[in-house]
Amino acid sequence: MRLSFACVIGYMLEDARPFALETQKHANGLANLVDLTWLSDDLPWESPFNNPGLWDIFAAVTVVLLIFYVVGRGLWIVLPLLVLVFTLPHSLQNSQGYILHKFQLITLTILAQAVVVNYAKWFRQKRENPLSADMLRGWVVYYSKGMIAATYVTSVVSKLINSKGLWLWKTGYMAVDQQKSRAQEFYRSLDPAFSGIDPIAAWMVDHTWLTRALFGTGFFLEFAALAALHSRKWALLIGISLIAMHRSIAAVMNLDFLNHELVVLIFFVNIPFWMMWVGAKIFAPSTLEPSGRV
Amino acid sequence: MGRFKEHFKILRKHPIFPVLAFIVLASIIKENYPFSHFSMYSNPKKSVRLAYITDEKGEPLPILYHTGLSTSKVSKTLNRERTPLENTAKKAGRDLDASDVIDEINREAGEYVLEAVRALSMKRRKRELTGPIQLIEMTILVRDGQLVEDRKLMAQLPEVTP
């Protein structure tokens, strides 16, 4: 799990845009406290990667931290540093007058792990019942899943608050948002494939109640994300359902949340566990839980 | 109240409690990276707006090619500039439904966006937006059972010498 999550974290480096930003007129997050525009300062040497600002330094630090993360050394300091390394540039990115939601889930999952590891180190180790290495691993996975589930439920809470409880009814208006997604694609690069009225948006106008039913399914699925904490079976079911939901949103509304899908795939679906479980079921059934609980 | 306190004590000891506490925290903190209340599409409306850039004849310009910006960023920047202008006008006792007030706010916010867009284009060789440019806001809504797109000129900038 650490190796695959490290790959996803490393993939965040691919977005070097924050390191080209020279202002933070609409300060967000840490930018409210400190000026982060130094991230776009020029390096004292020529960048071999041709990326702006101090990207090279941040990338090098990230790679070193991820190596320690994968081998499991010094996590109590590595994880908070990883949170900081990604919070600095993305706070600057979100200080431009618009908010991007691509990277919050990954950073929050790292934050959850940082909190658990440091709680175990500074509070539980001093008690008469400190956490064993296995228990700590279990807690880290549990609260990683918990953080992921919490973000989906937070989205549901936002929907209920912002729509004053009428979100399911108001999904009948989603056709205009669907058409807006198409228009945004068209005016971005004038690709004629995106000109005119979106056929799915037109369908939504003609089938308002069916539109509500479809979006309602996603709403209740997000609310049910907490069930993934109950057991691995539930995590698998919820995980596959969430990935299917994101894929259908990507196909219909052209809104990609690949990072969310990857994190859900790692922590909820957990393919390596199921491969081992099926293998044990076939070749060594006596090693499995007597109750059969997964 | 006593039973509530009892149930709360039990819940507090459950491993899921920090997760539930985070949901409340995120809903309060809202948008401060890395925290977010993930409010995308949280309040679908009957009409939505988006802004795009055109030349002086009204022909759309490929904004990504010229500036590296997406259309949604142009729209969000316009909204972000417009809101404080509306608040200032409201505090000054001006009627926000009056067409002259709307036009003035739109022009000021629109000119800011066009200046910012032009400045970004100047960093891209051979893609500079030196000619006259306009900012158009499009409202998408359903009228008589059909999707329609109403367009309005927000602001324009004259040609500049590079």
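A, B, ... follow the sequence lines: proteins, then strands. Residue 1 opens every chain.
Using a 4.5 Å heavy-atom threshold, the side chains of A:V176 and B:K45 count as separate. Side chains of A:S189 and B:Y65 form no contact here, defined as non-hydrogen atoms less than 4.5 Å apart. Residues A:R188 and B:K73 are not in side-chain contact: their nearest non-hydrogen atoms beyond the backbone lie 4.5 Å or more apart. For the pair B:L20/A:L226, a side-chain contact is recorded, criterion being any heavy-atom separation below 4.5 Å from C-beta on. Looking at heavy atoms from C-beta onward, B:S72 lies out of side-chain contact with A:Y98 at the 4.5 angstrom threshold. Under the 4.5 Å side-chain criterion, counting only non-hydrogen atoms from C-beta, B:V48 is not in contact with A:Y173. No side-chain heavy atom of B:F35 sits under 4.5 Å from any side-chain heavy atom of A:T154. In this structure, the side chains of A:K25 and B:E81 come closer than 4.5 Å at one or more pairs of heavy atoms.
Crowding of A:Y119 atom OH: a count of heavy atoms from other residues, nucleotides or ligands under 6.0 Å exceeding 12. Atom CZ of B:F17 is surrounded by more than 12 heavy atoms from other residues, nucleotides or ligands within 6.0 Å. Other residues, nucleotides and ligands place more than 12 heavy atoms under 6.0 Å from the NZ atom of B:K152. More than 12 heavy atoms of other residues, nucleotides or ligands shown are found within 6.0 angstrom of CZ on B:R124. No more than 12 heavy atoms of other residues, nucleotides or ligands sit less than 6.0 Å from atom CD of B:E108.
Smallest separation of non-hydrogen atoms from A:G146 and B:V19: O-CG1, 3.4 Å. The shortest non-hydrogen separation linking B:P34 to A:Q104 is O-CG, 3.2 Å. The shortest heavy-atom contact between B:L147 and A:A202 is CD1-N, 4.0 Å. For the pair B:N32 and A:G29, the tightest heavy-atom approach, listed with the atom from each and the gap, is OD1-N, 2.9 Å.
In terms of non-hydrogen atom pairs under 4.5 Å with chain B, the most contact-rich of A:D177, A:V153, A:V156 is A:D177. Among B:S75, B:G68, B:P15, B:S39, the residue making the largest number of heavy-atom pairs under 4.5 Å with chain A is B:P15. Considering only heavy-atom pairs separated by less than 4.5 Å from chain B, the leading option among A:L160, A:T151, A:T171, A:L229 is A:T151.
Between A:K180 and B:E149 there is no salt bridge, since none of the side-chain N atoms of the basic residue sits less than 4.0 Å from a carboxylate O of the acidic one.
Within the 4.5 angstrom heavy-atom criterion, atoms from both the backbone and the side chain of A:N28 approach chain B. Proximity to chain B is absent for every atom of A:I106, based on heavy atoms less than 4.5 angstrom apart. At a 4.5 Å heavy-atom cutoff, the contact between A:S181 and chain B is made by side-chain atoms alone. Heavy atoms of A:L255 lying under 4.5 Å from chain B belong exclusively to its side chain. Only the side chain of A:Y142 comes within less than 4.5 Å of a heavy atom of chain B; its backbone N, CA, C and O stay farther away. Heavy atoms closer than 4.5 Å to chain B are found in the side chain of A:E22, but not in its backbone. With a threshold of 4.5 angstrom between heavy atoms, A:N32 approaches chain B through side-chain atoms but not through N, CA, C or O.
Taking OG of A:S155 as the reference point, atom NE2 of B:H37 lies at 10.0 Å (rounded to 0.5 Å). Separating the CG atom in A:L100 from the NZ atom in B:K76 is a distance of 6.5 Å, to the nearest 0.5 Å. Separating the CD atom in B:Q146 from the CG atom in A:D206 is a distance of 7.5 Å, to the nearest 0.5 Å. Taking CD1 of B:I16 as the start and OH of A:Y143 as the end, the distance is 9.0 Å to the nearest 0.5 Å. Rounding to the nearest 0.5 Å places NE2 of A:H26 at 6.0 Å from CZ of B:R80. Taken from OG in B:S36 to CD1 in A:I99, the straight-line distance is 8.0 Å, to the nearest 0.5 Å.
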- Task: Using the side-chain contact (heavy atoms from CB on, under 4.5 Å) rule, take B:F22 and A:L108 through it: C-alpha gap first, then chi angles, then the decisive distance, then the call.
- Result: CA-CA 11 Å; B:F22 178 81; A:L108 285 171; 3.9 Å; yes
- Task: I would like to know whether B:M138 and A:Q179 meet side-chain contact (heavy atoms from CB on, under 4.5 Å); could you show each step before the answer?
- Result: CA-CA 11 Å; B:M138 183 166 77; A:Q179 178 61 22; over 6 Å; no
- Step by step, work out the side-chain contact (heavy atoms from CB on, under 4.5 Å) result for B:S70 and A:Q184. CA-CA 8 Å; B:S70 66; A:Q184 281 176 335; over 6 Å; no
- Given the rule in the side-chain contact (heavy atoms from CB on, under 4.5 Å) test, do B:Y41 and A:I249 qualify, once you have shown the distances and angles that lead to the verdict? CA-CA 12 Å; B:Y41 299 97; A:I249 291 170; over 6 Å; no
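Of the possible donor and acceptor atoms, one in the side chain of B:N43 sits under 3.5 Å from a partner among the backbone N and O of A:N162. No donor-acceptor distance shorter than 3.5 angstrom exists from the side chain of A:W167 to the backbone of B:P44, with no hydrogens or angles considered.
Between B:Y52 and A:Y187, the angle of the ring planes stays under 30°, which puts this pair in the parallel group of the 30/60° scheme.
Defined by atom type and a distance below 3.5 Å, a donor-acceptor pair is missing between the side-chain atoms of A:T87 and B:Y33.
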